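These notes concern the structure reproduced below.
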Amino acid sequence: MLKQHLQFKLSQKLSPQQIQLMKLIQLPTQAFEQRLKQELEENPALEGGKEDNLNDLDADFDNSSDEYDDNETINTDDINVDEYLSDDEIPEYRTQANNYSSDDEEKTMPYAAGTSFTQHLISQLNTYRLSDEERDIAEFLVGSVDESGYIRRAISDIMDDLAFTQNIYTTEEAILKVLRIVHQLDPAGVGARSLQECLSIQLHRKDKTADTELSIKIIDKAFDQFTKKHYKKLLQKFDVTEEQLKGAITEIEHLNPKPGGSYAGNNRIVEHVVPDFAIKIVDGELELTLNGRNAPELHVSRSYNNMLKGYKDSKEKSKSQKDAIMFIKQKLDAAKWFIEAIKQRQQTLFVTMSAIMHYQEEYFLTGDERNLKPMILKDIADEISMDVSTVSRVANSKYVDTPYGTKLIKEFFSESMKNDQGEDVSTREIKTILESVIEEEDKKKPLTDETLASILKEKGYPIARRTVAKYREQLDIPVARLRKKI
């Protein structure tokens with residue numbers, strides 16, 4: 001039996017333009033510059049830089065001009081050229097704002113110079129006497145080294161890959177023999193299959209001293225006890241004094257757990273954060289500026305404007321002219337929308353950051369993280385009458401240059417907790433205090449989470465042990481046992 005139901009559903013759909021605007025808002029300065037460059041390349045009706053005289057173009061041309069379908073006949077009357085042309089004196093059609101900082105930094109992203117890490121390793125193989133097959137295996141092993149300098153694949157998998165991809169049929173023993181040669185390459189520890197092997201390779205290449213000899217024994221024979229910091233068991237196992245153990249552990253701590261990361265010539269992009277905003281203290285007051293690279297000068301192409309004029313003045317309008325003018329109209333609409341979108345982006349960024357700055361005024365004046373007020377996205381969204389998602393787009397991807405360093409904006413957001421006075425305090429404030437307490441602890445007897453909870457309670461922050469554990473993990477601080485030092 002068939003049944004019919006009538007259902008009403010209320011839904012909100014964003015237009016393509018709104019989606020594009022949201023994407024523009026989300027872009028940090030460097031990515032925005034790339035997007036701007038792309039738009040200038042793709043839309044010939046959009047030009048950058050200053051234009052001396054734009055009084056032939058109406059800045060307020062209407063976006064509501066008739067839409068058309070490629071299959072429909074184009075009527076001359078449908079294209080109102082006067083919407084785009086005007087003899088009135090109008091201001092320069094650009095997006096330059098007054099609230100930007102003069103930022104003349106290099107706009108290209110620098111790259112690390114030199115050969116790649118893999119090439120660096122292969123070039124060293126030339127100093128070894130290898131058969132053709134051994135060289136092929138060695139180069140394959142070197143190609144399997146990851147960014148940290150490790151080979152994280154099983155030897156059996158490598159053997160299968162050599163057979164399938166290189167047509168080299170060999171044994172695991174032969175691969176291990178070549179791997180021992182790879183372990184002799186620089187930086188020391190490269191090609192290791194585990195942290196234990198990486199540290200062991202480095203220690204075996206060091207000059208033999210009492211500390212080194214003991215370090216080798218610890219890594220090769222008691223690695224699990226070492227990682228768990230069971231120092232008493234190590235003292236008993238190797239029958240050494242605390243001073244001797246301390247010397248060996250110091251030796252291990254100076255090793256490089258990621259030999260690949262230390263090589264400067266791996267040609268990975270050097271990341272440089274370009275602040276999107278700058279906050280300065282001028283005469284005791286906070287002053288906010290938007291990076292000038294977010295405020296480009298844009299205008300509509302004069303040549304496109306002249307094409308419209310020529311079309312308007314011509315007496316006979318051919319089909320090809322009509323098609324061309326419709327294309328021009330599309331490009332002008334897109335250029336006008338992009339300029340307006342950049343203006344909205346500028347305004348959204350500045351208004352949002354301004355609200356954050358005033359909300360956290362005490363912090364920005366002092367630099368003391370304990371002065372950070374509890375603040376969630378909704379607090380700022382309500383303040384500026386914008387959507388929470390918009391605030392999130394600004395906070396998650398933008399940086400601000402402050403007198404205390406360059407900060408990611410989302411770091412200023414935190415939830416609130418009640419202190420023993422019943423006042424709302426930022427969880428960030430509690431984490432800062434927790435961090436300082438752990439820094440000052442006796443590393444021979446590190447504080448347990450239970451003890452830390454008691455100390456915080458004494459300081460006026462009554463939080464549970466499990467909350468302390470959560471904050472400690474968020475701060476990337478290990479448990480007490482792993483913080484222990486001899």
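Excluded from the calculations below are hydrogen atoms, water molecules and symmetry mates; all remaining heavy atoms, backbone and side chain alike, are included. Worth saying up front: this structure is predicted, and the values here are computed from it rather than measured. The first residue of the sequence shown is numbered 1, and numbering continues consecutively from there.
- By the 4.5 Å heavy-atom criterion applied to side chains, L125 and L185 are counted as neighbours.
- Taking the centre and axis of the six-membered ring of F277, the NZ or CZ atom of K398 falls outside the cone set by 45° and 6.0 Å.
- Between F364 and F412, the two ring planes are perpendicular [angle over 60°; tilted spans 30° to 60°].
- The minimum heavy-atom distance between E251 and S215, with the atom names listed, is CB-OG, 3.4 Å.
- To the nearest 0.5 Å, atom CZ of residue R193 and atom SG of residue C198 are 12.5 Å apart.
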>> Between I137 and K177, does the side chain to side chain contact (heavy atoms under 4.5 Å, CB included) criterion hold? Intermediate values first, please.
In response: CA-CA 10 Å; I137 294 171; K177 179 185 173 185; over 6 Å; no
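- Look at R135 and E139 and you find a salt bridge, because one of the NZ, NE, NH1 or NH2 atoms lies within 4.0 Å of a carboxylate O, short of that distance.
- The backbone N or O of I438 lies less than 3.5 Å from no partner atom in the side chain of R472, so there is not a single donor-acceptor pair.
- Partners of T241 according to the side chain to side chain donor-acceptor pair (under 3.5 Å) rule, which considers only residues two or more places apart in sequence or in another chain, are Q244.
- Ion pair E33/R293 flagged as a salt bridge, since at least one NZ, NE, NH1 or NH2 atom sits closer than 4.0 Å to an Asp/Glu carboxylate oxygen.
- The two atoms that bring N294 and T29 nearest to each other are ND2-OG1, 3.1 Å, heavy atoms only.
- Note on K443 versus E441: salt bridge recorded, some NZ/NE/NH1/NH2 to OD/OE distance being below 4.0 Å.
- The two residues L234 and A222 come nearest to each other via the heavy atoms CD2-CB, 3.7 Å.
- From Y231, atom OH reaches atom CD1 of I218 across 9.5 Å, with rounding to the nearest 0.5 Å.
- With V400 as reference, I409 is the one residue of L408, I409, D276 to meet the side chain to side chain contact (heavy atoms under 4.5 Å, CB included) rule.
- D157 CG: more than 12 foreign heavy atoms inside a 6.0 Å radius.
- For the pair L46 and F338, the tightest heavy-atom approach, listed with the atom from each and the gap, is CD2-CD2, 3.6 Å.
- Looking only at side-chain heavy atoms (C-beta outward), P28 and V274 stay at 4.5 Å or farther from each other.
- Formation of a donor-acceptor pair under 3.5 Å by the S392 side chain with backbone atoms of V388 is not found in this model.
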> Where do V394 and I380 land on the side chain to side chain contact (heavy atoms under 4.5 Å, CB included) test, with the steps shown first?
Replying inline: CA-CA 11 Å; V394 175; I380 300 302; over 6 Å; no
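- Expressed to the nearest 0.5 Å, how far CD1 of I181 lies from CZ of R129 amounts to 12.0 Å.
- Counted within 6.0 Å of NZ on K407, heavy atoms from surrounding residues, nucleotides or ligands total more than 12; the atom is thus considered enclosed.
- In this structure, the separation between CG on L452 and CD on E450 is 10.0 Å, given to the nearest 0.5 Å.
- The two residues T170 and M159 have their closest heavy-atom pair at O-SD, 3.5 Å.
- Looking at T366, its side chain does come within 3.5 Å of a backbone N or O of E362 through a donor-acceptor pair.
- Counting non-hydrogen atoms of other residues, nucleotides and ligands closer than 6.0 Å to NZ of K444 gives a total of 12 or fewer.
- Formation of a donor-acceptor pair under 3.5 Å by the D449 side chain with backbone atoms of R465 is not found in this model.
- Nearest approach of G189 to I201, heavy atoms of both residues: N-CG2, 3.7 Å.
- In the model, S389 has a side-chain atom that pairs as donor or acceptor with a side-chain atom of D387 under 3.5 Å.
- Enclosure of atom CG in D132 is not indicated, since only 12 or fewer non-hydrogen atoms of other residues, nucleotides or ligands lie within 6.0 angstrom.
- With contacts defined as side-chain heavy-atom distances shorter than 4.5 Å, the pair D186/R205 qualifies.
- Salt-bridge annotation for D379 and K373: absent, with no side-chain N of the basic residue lying under 4.0 Å from a carboxylate O of the acidic one.
- Under a 3.5 Å cut-off, the side chain of S148 and the backbone N or O of Y150 do not form any donor-acceptor pair.
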> How far apart are the C-alpha atoms of Q184 and Y128, what are their side-chain angles, what is the distance that settles it, and do they pass the side chain to side chain contact (heavy atoms under 4.5 Å, CB included) test?
Replying inline: CA-CA 10 Å; Q184 295 173 38; Y128 292 86; 3.3 Å; yes
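- For the pair L372 and T432, the minimum side-chain heavy-atom distance is 4.5 Å or more.
- Between the OG atom of S354 and the CG atom of L286 there is a distance of 9.5 Å, given to the nearest 0.5 Å.
- Atom NE2 of H358 is separated from atom CG of L288 by 7.5 Å, given to the nearest 0.5 angstrom.
- Open room surrounds NZ on K246; 12 or fewer heavy atoms of other groups in view lie less than 6.0 Å from it.
- Put simply, the side chain of V391 reaches to within 4.5 Å of the side chain of I384, judged on heavy atoms.
- By the 4.5 Å heavy-atom criterion applied to side chains, K233 and D224 are not counted as neighbours.
- Counted within 6.0 Å of CD on E411, heavy atoms from surrounding residues, nucleotides or ligands total more than 12; the atom is thus considered enclosed.
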>> Let's go through K258 and N256 carefully: what are the C-alpha distance in whole Å and the side-chain angles of both, what is the deciding distance for side chain to side chain contact (heavy atoms under 4.5 Å, CB included) to 0.1 Å, and is it a yes or a no?
In response: CA-CA 5 Å; K258 292 184 178 181; N256 187 357; 4.2 Å; yes
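- Residues L24 and Q344 are not in side-chain contact: their nearest non-hydrogen atoms beyond the backbone lie 4.5 Å or more apart.
- In this structure, the side chain of S397 engages the main chain of Q26 through a donor-acceptor pair within 3.5 Å.
- Residues F140 and I168 fail the side-chain proximity criterion, which asks for heavy atoms closer than 4.5 Å.
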